[in-house]
Amino acid sequence: MSLIIKVDPINFKPEDLFPAAEVIKKGGTVAFPTETVYGLGADAFNGNACLKIFKIKKRQPDNPLIVHISSFEQLYNVASEVKNEDKLKKVWPGPLTVVLKKKPSVPKEVTAGLDTVAVRMPAHPVALKLIEISGTPIAAPSANISGKPSPTSGKTVIEELNGLADVIIDAGETFFGVESTIVDITRDPPVLLRPGPFTVEELRSIFTSIKVPPEVSGLYDFEKPLAPGMKYKHYAPEKDLYLLLDNSSLPEIIKKIDKRVAVLVTEENYEKIKDLASKNVTFIILGTESNLYTVAKNLFEALRKIDKLDVEFGIIQSFKEEGIGLAIMNRIRKASGRKFITSYPF
Ligand code: AMP
Ligand code: MG
């Protein structure tokens, strides 16, 4: 059994986190909330402690971890050439990870042998306080078994990692629900590696020349993966998920469904099709078209729900690739294993 610490995400006492900080200092593992998704963390300067993360998650050793910091002092301890410090001061704490040249003191287990390190200062009060009182940066990928959707609630982390992580801090739901944006700032111009809650539109106001490669759509893999983890299967439910390319065909498709199917749509689309569906259809409402942050927040729990329901497979609608919509489409293209449909049956 893991030690489970339940806290309010905002109104908690630092003392509540002391047992978790002790575990980090002693080389153990702690699952903790960030504003994006839950992370499974260990002392970033302790290679053996970080190896435990790979073992628990069944993560491939060539898939590096993100180092989470609570101060700029810690940044200078992990990165050798800190570029764009003024810009980082504007964006942190926040859901943006940057890739920088690493210091030799960062163990190879964390960076999968690369000479770069991915760093982020998270904007979740519990994460920041945990890092601060642990007195060390915390290396942490998402707190899921590799391949599964990232956990966005303490309840899901407990279901997945109880007995595997030494400590699980349950602070309820995370705020954004999709993983951080990653930008490689060792390159000139900087390159977007993973779209996330820090949107391209926002990035352009900070890194004006940023390159947005076509691969961030999730339509195809990086030929030579710029970010090593990108080549792995991600976010996928165990059951098949099909991505509908054109939402205008939803009514026609819903009328024809003759199998037990989960249909993942926004409130607006649900209103349009709910009266056309047979009892075979179970709707999972993702959020509202008028604010796609609601969809991002619910997305991974919705994907997990497909496996829990008595359905054969899932169908998910598509989204406009603007703002957070780019991150949503990246995740659902990958979650569907790029099984795209335009009609039913397919
Ligand atoms: P996760 O937090 O589970 O999404 O995993 C962290 C992801 O960050 C990895 O899968 C990589 O894609 C990315 N990453 C970590 N370190 C680096 C690095 N040095 N260079 C490029 N990408 C990185
Ligand atoms: Mg992950």
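We use all heavy atoms of the structure for the numbers below, so side chains are in, but hydrogens, waters and symmetry mates are not. We're numbering straight along the sequence, starting at 1. Ligands are counted one by one from 1 in listed order, and the atoms in each one are counted from 1 as well.
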Asks: Please state whether I182 comes within less than 4.0 angstrom of ligand 1, counting heavy atoms only.
Replies: yes
Asks: Below 2.8 Å of the Mg ion (ligand 2), tally up the protein N/O/S atoms for me.
Replies: 1
Asks: With ring-ring contact (aromatic ring centres under 6.0 Å, His included) as the rule and sequence neighbours excluded, what pairs involving residues 93-120 come up?
Replies: none
Asks: Is the Y76 ring parallel, tilted or perpendicular to the F72 ring (thresholds 30°, 60°)?
Replies: tilted
Asks: List in chain and number order the residues that pass side-chain hydrogen bond (donor to acceptor under 3.5 Å, both in side chains) with K274, two or more places apart in sequence or in another chain; answer none if no residue qualifies.
Replies: E271
Asks: Is there side-chain contact between V78 and V119, with at least one heavy-atom pair below 4.5 Å?
Replies: yes
Asks: List every atom of ligand 1 that sits less than 4.0 Å from any heavy atom of I66, numbering the atoms from 1 in the order shown and giving each element.
Replies: 2 (O), 6 (C), 8 (O)
Asks: Using a strict cut-off of 4.0 Å, indicate which atoms of ligand 1 neighbour a heavy atom of T116.
Replies: 18 (C), 19 (N), 20 (N)
Asks: Would R59 count as a contact residue for ligand 1, given that I'm defining contact as a non-hydrogen atom of the residue lying under 4.0 Å from a ligand atom?
Replies: yes
Asks: With sequence neighbours left out, what residues match S343 under side-chain contact (heavy atoms from CB on, under 4.5 Å)?
Replies: none
Asks: How about V7 and D170: do any of their side-chain heavy atoms sit closer than 4.5 Å?
Replies: no
Asks: Taking the side chain as everything from C-beta on, heavy atoms only, tell me whether I316 gets closer than 4.5 Å to Y242.
Replies: no
Asks: Would you call K155 and E159 a salt bridge, using N to O less than 4.0 angstrom?
Replies: yes
Asks: Check whether any N or O atom of E179, backbone or side chain, sits under 3.5 Å from an N or O atom of ligand 1, and answer yes or no.
Replies: no
Asks: Y293 and side-chain contact (heavy atoms from CB on, under 4.5 Å): which partner among I324, T288, I328?
Replies: I324
Asks: At a 4.0 Å threshold, what atoms of ligand 1 neighbour a non-hydrogen atom of V99?
Replies: 20 (N), 21 (C)
Asks: Below the 3.5 angstrom mark, is there an N/O of K57, backbone or side chain, next to an N/O of ligand 1?
Replies: no
